[in-house]
Amino acid sequence: GMICDMTQRKDSEFELVTCGVNTQILFWDFDMNDPVEKIEVTHKLLTIDISKSGTYMAAGTETGEVIFKYLKIIFI
């Protein structure tokens, strides 16, 4: 589906996180062709960001909701 936003995660090999109209948050490793992790959500996502510490992620939906997720920290 169409990607609406992306952010970079600096604490692990999952370097890029994307969201969009396909109702999935996808974690990408630049060395792989396919996503390395997926989080399913119920609404289309318009925006996403990760805290500076890499501990939390927030995503905004088309319905105005904000989804918060705790992310495990994976050090390189």
Side-chain angles (χ1 to χ4, degrees):
M2 184 177 77
I3 294 174
C4 293
D5 199 11
M6 68 178 78
T7 187
Q8 187 171 7
R9 186 171 176 179
K10 298 175 181 153
D11 67 331
S12 73
E13 284 293 312
F14 305 157
E15 295 139 348
L16 189 65
V17 183
T18 61
C19 72
V21 297
N22 63 352
T23 67
Q24 292 178 337
I25 298 170
L26 301 175
F27 293 80
W28 301 86
D29 183 327
F30 292 130
D31 300 326
M32 309 294 275
N33 290 330
D34 295 317
V36 293
E37 187 175 342
K38 297 178 186 179
I39 298 174
E40 298 287 336
V41 294
T42 56
H43 298 289
K44 294 177 185 174
L45 298 171
L46 302 177
T47 187
I48 192 164
D49 205 359
I50 296 176
S51 65
K52 289 182 182 184
S53 67
T55 307
Y56 301 98
M57 177 179 60
T61 72
E62 67 177 352
T63 61
E65 296 176 84
V66 178
I67 299 168
F68 291 99
K69 295 281 186 184
Y70 171 79
L71 299 174
K72 60 184 176 194
I73 298 174
I74 305 169
F75 294 99
I76 326 177

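Just so it is clear, the model here is predicted, and its values are computed rather than measured.
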Between [X] and [Y], is any pair of side-chain heavy atoms under 4.5 Å apart?
X: Cys4; Y: Val21; value: yes
X: Ile39; Y: Met57; value: yes
X: Leu45; Y: Ile67; value: yes
X: Ile48; Y: Thr18; value: no
X: Lys44; Y: Thr61; value: no

- Task: First locate atom CG of Asn22, then atom CD of Glu40, and finally report the distance between them rounded to the nearest 0.5 Å.
- Result: 8.0 Å
- What one should report as the nearest heavy-atom pair of Leu46 and Glu62 is CD1-CA, 3.7 Å
Determine, using the 4.5 Å side-chain heavy-atom cutoff (strictly less than), whether [X] and [Y] are members of one ILVMFWY cluster.
X: Val41; Y: Ile50; value: yes
X: Leu26; Y: Phe68; value: no
X: Met2; Y: Ile25; value: no

- For Tyr56, does its backbone N or O pair with a side-chain atom of Ser51 as donor and acceptor, under 3.5 Å? yes
- Query: Can any side-chain N or O of Glu15 pair as donor or acceptor with the backbone N or O of Phe30 at less than 3.5 Å?
  - Reply: yes
